[in-house]
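This is a predicted model, so every value here is computed, not measured.
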Amino acid sequence: MAHPPEHPPAGPGPHLGWGPLALVAVGGAAGAAGGQAVSLVIPELDKVPVSIAVINVVGAFLLGFLYQAVTRLGTLQAKDLKLLLGTGFCGGFTTYSSLATDSAVLLRDGRVWSTVAYALGTVLLGACATWLGILAGTSRRSPGDPAHPGRTS
């Protein structure tokens, strides 16, 4: 006799609770403030908003590092850190929508080569930064790892 398939309980899952939403909101607010601060400090270069490229490349590195580094943590710690720092901070800090808008403005102004260099350069550097972040996160050792230099027996 076949058994009916089990269905998950109705209603929102635990990821839609107030705790996870608060983690994303707090991280997002801090990330947005950090991104705004960086954009105010770094000036444009020949009317190209270099700060947006810097923000996105740094954010890509941080996200790659976070992705790899939190895999060594416990499940609950990793989930909370991904929400706070990954979705929240990095999501608020980076601004690929500004990259798209700035690219469109450069293109509208007839600056084709600047547009290509800015947009493609940011995306390629961001991909490399993510890879470097993953490498940095991989080389990071937690105190419980046998190869950790500060570990005592």
**Prompt:** So if you build clusters from Ile, Leu, Val, Met, Phe, Trp, Tyr with side-chain heavy-atom gaps below 4.5 Å, do Val24 and Leu63 land together?
**Reply:** yes
**Message:** I need the Gln68 CD to Ile134 CD1 distance, nearest 0.5 Å.
**Reply:** 6.5 Å
Show me the donor-acceptor pairs within less than 3.5 Å that the side chains of residues 116-130 make with the rest of the protein, sequence neighbours left out.
from   : atom 1 : to     : atom 2 : distance (Å)
Tyr118 : OH     : Asp102 : OD2    : 3.4
Thr122 : OG1    : Tyr118 : O      : 2.6
Thr130 : OG1    : Ala60  : O      : 3.4
Thr130 : OG1    : Gly126 : O      : 2.9

**Complete:** Nearest heavy-atom approach of Val48 to Ser114 is CG2-CB, 4.5 Å
**Message:** Is the shortest side-chain heavy-atom distance between Arg111 and Asp46 below 4.5 Å?
**Reply:** yes
**Co-members of Leu40 in a cluster of I, L, V, M, F, W and Y side chains, linked at under 4.5 Å** = none
With a 3.5 Å cut-off and sequence neighbours excluded, list the donor-acceptor pairs that the side chains of residues 80-96 form with protein atoms.
from  : atom 1 : to    : atom 2 : distance (Å)
Thr94 : OG1    : Cys90 : O      : 2.8
Thr95 : OG1    : Ser98 : N      : 3.4
Thr95 : OG1    : Ser98 : OG     : 2.7

**Prompt:** Out of curiosity, Leu66 CG to Phe61 CZ, how far, rounded to the nearest 0.5 Å?
**Reply:** 11.5 Å
**Asked** When clusters are formed by joining ILVMFWY residues with side-chain heavy atoms under 4.5 Å apart, either directly or through shared neighbours, do Val57 and Ile52 land in the same one?
**Response** no
**Prompt:** Is there a donor-acceptor contact under 3.5 Å from the side chain of Ser51 to the main chain of Val38?
**Reply:** no
**Asked** Is there side-chain contact between Leu106 and Lys47, with at least one heavy-atom pair below 4.5 Å?
**Response** no
**Reported CD-to-OG distance for the pair Glu44 and Ser39, which is rounded to 0.5 angstrom** = 10.5 Å
**Message:** Assigning hydrophobic clusters by single linkage (Ile, Leu, Val, Met, Phe, Trp, Tyr; side-chain heavy-atom cutoff under 4.5 Å), is Leu107 placed with Leu99?
**Reply:** no
**Prompt:** Looking at Lys79 and Pro20, what are the two nearest heavy atoms and their distance?
**Reply:** NZ-CG, 4.3 Å
